[in-house]
There are 2 protein chains.
Amino acid sequence: MHLEADVLVSALQSAGMRVTTARRAICEVIATSHAEHLTAADIQARAETLAGGSIDPSTVYRTLDVFQSLGYLHHVHLGHGAGVVHLTDETDHHHLACESCGQTLDVPLDEFQPLFDRLARTYGFVVDRAHFAVVGRCRACEQTENSP
Amino acid sequence: MHLEADVLVSALQSAGMRVTTARRAICEVIATSHAEHLTAADIQARAETLAGGSIDPSTVYRTLDVFQSLGYLHHVHLGHGAGVVHLTDETDHHHLACESCGQTLDVPLDEFQPLFDRLARTYGFVVDRAHFAVVGRCRACEQTENSP
DNA sequence: GTCAATGCAAACTTTTTGCAACTCC
DNA sequence: GGAGTTGCAAAAAGTTTGCATTGAC
């Protein structure tokens, strides 16, 4: 189930691309990020630690683009601010993004499937599941707000 | 049903705020924008035409902020790029945003309400309906893509 | 006459791009 | 050695902010 960094590295090689220190570190970071939603800046920071040197933001973005092209990543917007990346692998859930505390809640796909099916049938609209995030307020923030 | 620009102007006055040429023009624009999804730049352009002079982007943003604070507007992100504003008034529908052609489809709230109710019951998550947009591909783009 | 609102310029965040230097295969 | 990658710097888009001037009430 878990995606190993090796798989990503091999994917680069199979595509005729080169494996550099920066890319190896980024592979490691995204392979071990399963349930997390990392921004490019997050990935840069972790990859720099792993690589033991600095990595330019543009390198991070370019590498993430590569993995999106190869189909391993999608990027998602959970509200304002930076986008996050997400393993394509893990598409069995969706995100509820709290606009107050920034946390995200993962919800099984089953909850959404009836709606998505209906939208496809009625409007011919195919939802991009990976790109989809529902913005609102989580239970904790909702309670805090209503009992000051 | 239609929100008149006068209502917005009065709201400013009731809140102890001043009515300027720029604000009057912006009121006019958003009051007559019903089904449209306007960016700050769109609003600036139209307001400048109405006002017959230039209006600074910062003035537009500040004025839109005022109306969001007063509860008349929400801003929505329909994918990448600039956000759009939306009359709070018209919350009886939701947006399907095509990531390919950029068009948006309005869908009655009824389609979504069962899901929203379920999310609230199960997770305590209250969906910000105005901020919510579903990203995907519309019928036309989906067909174009699949028959080249 | 005050104080809020404006315009301007500058900063800001996130992301993209051009290009010379580098290094992986 | 040659093509793919990198870093740097600069640019892009969208938005926010500081501050002096203007203008509404």
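Heavy atoms only: backbone and side chains are in, while hydrogens, waters and symmetry mates are out.
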Could you go through B:Val84 and B:Glu36, starting from their C-alpha distance and side-chain angles, then the distance that decides it, and tell me whether this counts as side-chain contact (heavy atoms from CB on, under 4.5 Å)?
CA-CA 9 Å; B:Val84 297; B:Glu36 294 178 282; over 6 Å; no

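- Side-chain nitrogen and oxygen atoms of B:Arg18 include none within less than 4.0 Å of the OP1 or OP2 phosphate oxygen of D:dG23.
- Between A:Thr20 and the phosphate of D:dT6, there is a side-chain N or O to OP1/OP2 separation shorter than 4.0 Å.
- Between the side chains of A:Thr104 and A:His95, no donor N or O sits under 3.5 Å from an acceptor N or O.
- In terms of position on DNA chain D, the residue among B:Gly83 and A:Arg23 whose nearest nucleotide sits closer to the 5' end is A:Arg23.
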Which is it for A:Arg24 and A:Leu8 under the side-chain contact (heavy atoms from CB on, under 4.5 Å) test, yes or no, and what are the steps along the way?
CA-CA 9 Å; A:Arg24 214 186 304 270; A:Leu8 295 173; over 6 Å; no

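- Note: A:Phe116 and A:Phe112 have tilted aromatic rings, judged against thresholds of 30 and 60 degrees for the angle between ring planes.
- Shortest non-hydrogen contact noted between B:Cys98 and A:Phe125 is N-CE1, 4.0 Å.
- Rounded to whole Å, the distance from NE2 on B:His75 to P on D:dT15 is 8 Å.
- Within residues 40-53 of chain A, no residue has any heavy atom under 4.0 Å from DNA chain D.
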Using the side-chain hydrogen bond (donor to acceptor under 3.5 Å, both in side chains) rule, take A:Thr39 and A:Asp42 through it: C-alpha gap first, then chi angles, then the decisive distance, then the call.
CA-CA 5 Å; A:Thr39 64; A:Asp42 294 333; 3.1 Å; yes

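- The distance from atom CG of B:Leu38 to atom P of D:dG14 is 14 Å, rounded to the nearest whole Å.
- Distance, B:Leu12 CG to C:dC3 P: 20 Å, rounded to whole Å.
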Which is it for A:Glu111 and B:Tyr123 under the side-chain hydrogen bond (donor to acceptor under 3.5 Å, both in side chains) test, yes or no, and what are the steps along the way?
CA-CA 11 Å; A:Glu111 302 270 16; B:Tyr123 305 95; 3.2 Å; yes

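- Within the 4.5 Å cutoff, the side chain of B:Glu4 has no heavy atoms near those of the B:Val9 side chain.
- Atom CZ of B:Arg24 and atom C1' of C:dT6 are 15 Å apart (whole Å).
- Contacts of residues 55-65 of chain B with DNA chain D (heavy atom under 4.0 Å): B:Ser58, B:Tyr61, B:Arg62.
- Between A:Thr21 and B:Gly81, the residue anchored nearer the 5' end of DNA chain D, judged by the nucleotide with its closest heavy atom, is A:Thr21.
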